[in-house]
2 protein chains.
Amino acid sequence: MSASQSLVLDGERSEIVKGPVRVGKRSGVSEEKAMAALKDHSEAERRRRERINAHLNTLRGLVPCTEKMDKATLLAEVITQMKQLKKTATEYSKGLTIPMDDDEVKVEPHNEGDGTFSLTASLCCDYSPQLISELRQALKTLPLNIVKAEISTLGGRVKNVFVFTSYKDTNSDNAEACQVLVNSVHQSLTSVLDKVSAAADYTLPNKRRRISFIDSSSSSS
Amino acid sequence: MSASQSLVLDGERSEIVKGPVRVGKRSGVSEEKAMAALKDHSEAERRRRERINAHLNTLRGLVPCTEKMDKATLLAEVITQMKQLKKTATEYSKGLTIPMDDDEVKVEPHNEGDGTFSLTASLCCDYSPQLISELRQALKTLPLNIVKAEISTLGGRVKNVFVFTSYKDTNSDNAEACQVLVNSVHQSLTSVLDKVSAAADYTLPNKRRRISFIDSSSSSS
DNA sequence: AGGCACACGTGAAGC
DNA sequence: TGCTTCACGTGTGCC
């Protein structure tokens, strides 16, 4: 565009101008100004690029196995990672909150694909002193290993979460058998829930013990 | 560079070439090839830009309040959000994992700044049947409300997490009083830990009950 | 080659 | 108005 000028802004070790060729005495000054503006512009743009790339690189540090990855693929990876993190975070917090108004029984199968089969089951209801022993009796008849058990209470409500694995003679890729397990666990927990909530209807004095499971456990009564 | 050719690749509604000016019969074909290559190149580059920008836009959808934000600032926001998510996620999972080898007592004050004062305390040790009643007795002497209680077991280990709030007559901005509370809670839990672990040393048969707290609770012994 | 990904400088549009 | 951000086409190096 500009007549008889070749401005070379080197990216690495700039020797800025190559051929500040004389063009005319008076038009030269305005051209120099325009050139300076152009140089400022390209430098600013370079700083912008550097800013973006710096952030991109710190993202590489945050997401594993992206050290030499494409920009676009890196961003895609960031997206999936972010979604995953959000999901697990809300899942964790979901696991920590206790629904106040509704009793619930949930059973979820986790077919890992590697042949193992696990189950997480949860029961949430008002606290009742018989609850734990009822639960124990109900669960020990099931053909499942208890891997992990959690009890949490908040304001008179109690939530029990269990993680089971099936005995290894149970075929994990037998979808039907797995469904049977899910159903029996669900049924066991539901019957526990029915039993304790029915008992609570008649033994109202127990409700005064609802502040914490620790207030009214088995030994002192 | 190219002599007497002006290739215009319009970004919006491309009428691709403006002036396929005759230049010569034989050099024309090579020039046309070069031009086609150039066009492919710019189109590929455009697709790349679109890929990146699409990912950037989905990131905008993932991070709040970034709808009209700068690319660089958006990425910065993504970074902070991601760090935050990672932190809370590991914090949650930290709360759910149970150290296998070391017993521990932890007490952490949470001064909210709004005048309320809360405490989370945790005790992690081998399961012992007396643990729960010991805990109950130890905690009920403390001038604290139990807001939330969790018990989780995994492989014979048990972790108890409690959230307390202080009675409202305790001045929350009195750092000294808060520290006293922290200390007394810590001391109570430590004494419980000492008691049950000392008992476990002598009553080794109890160790067979360690598979789950549900195996050996209070009612049947 | 020939596709791919990157950095660059530049024109245009928004405050 | 200048300053910033964006999209674009291009040059270049790397499989």
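Residue numbering restarts at 1 for every chain, and letters A, B, ... go by the order of the sequence lines.
Residues of residues 68-79 of chain A that place a heavy atom closer than 4.0 Å to DNA chain C, in numerical order, are A/Asp70, A/Lys71. Near DNA chain D, meaning a heavy atom under 4.0 Å from it, residues 50-67 of chain A has A/Arg51 in order of number.
The base of C/dC8 is not paired with the side chain of A/Glu45 by any donor and acceptor separated by under 3.5 Å. No N or O donor and acceptor, one from the side chain of B/His41 and one from the base of C/dG3, sit under 3.5 Å apart.
A 4.5 Å side-chain heavy-atom check between A/Ser122 and A/Asn160 finds every atom pair outside the cut-off. Annotation: side chain of A/Ile98 is in contact with side chain of A/Ser152 (closest heavy-atom distance under 4.5 Å). Looking at B/Pro64 and B/Gln81, their side chains come closer than 4.5 Å, going by heavy atoms from C-beta outward. The shortest distance between side-chain heavy atoms of B/Leu181 and B/Pro143 falls below 4.5 Å. By the 4.5 Å heavy-atom criterion applied to side chains, B/Lys71 and B/Leu56 are counted as neighbours.
Rounded to an integer number of Å, the gap from A/Arg47 CZ to C/dG9 P is 12 Å. In this entry the distance linking CD of B/Glu43 with C1' of D/dA7 reads 15 Å, nearest Å. Straight-line distance from the CZ atom of A/Arg48 to the P atom of D/dC8: 13 Å, rounded to whole Å. Separating the CG atom of B/Leu38 from the P atom of D/dT12 is a distance of 12 Å, rounded to the nearest angstrom. For the pair A/Arg49 CZ and D/dA7 P, the computed distance is 14 Å after rounding to whole Å.
Closest approach to the A/Arg46 side chain among C/dG9, C/dA5, C/dG11 is made by C/dG9 (side chain taken as heavy atoms from C-beta onward).
For the residue pair B/Asn183 / B/Gln187, no side-chain donor-acceptor distance below 3.5 Å is found, with atom types taken as modelled.
Pairs passing the salt bridge (Lys or Arg N to Asp or Glu O under 4.0 Å) check and including a residue from residues 84-103 of chain A, sequence neighbours excluded, read A/Asp103-A/Arg157.
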* To do: For salt bridge (charged side-chain N to carboxylate O under 4.0 Å, His left out), just list the numbers for B/Arg48 and B/Glu45, CA-CA rounded to whole Å, side-chain angles, deciding distance to a tenth of an Å, and then say yes or no.
  => CA-CA 5 Å; B/Arg48 174 175 167 271; B/Glu45 179 64 16; 2.9 Å; yes
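The only member of A/Val185, A/Thr120, A/Val182 that meets side chain to side chain contact (heavy atoms under 4.5 Å, CB included) when paired with A/Glu108 is A/Thr120.
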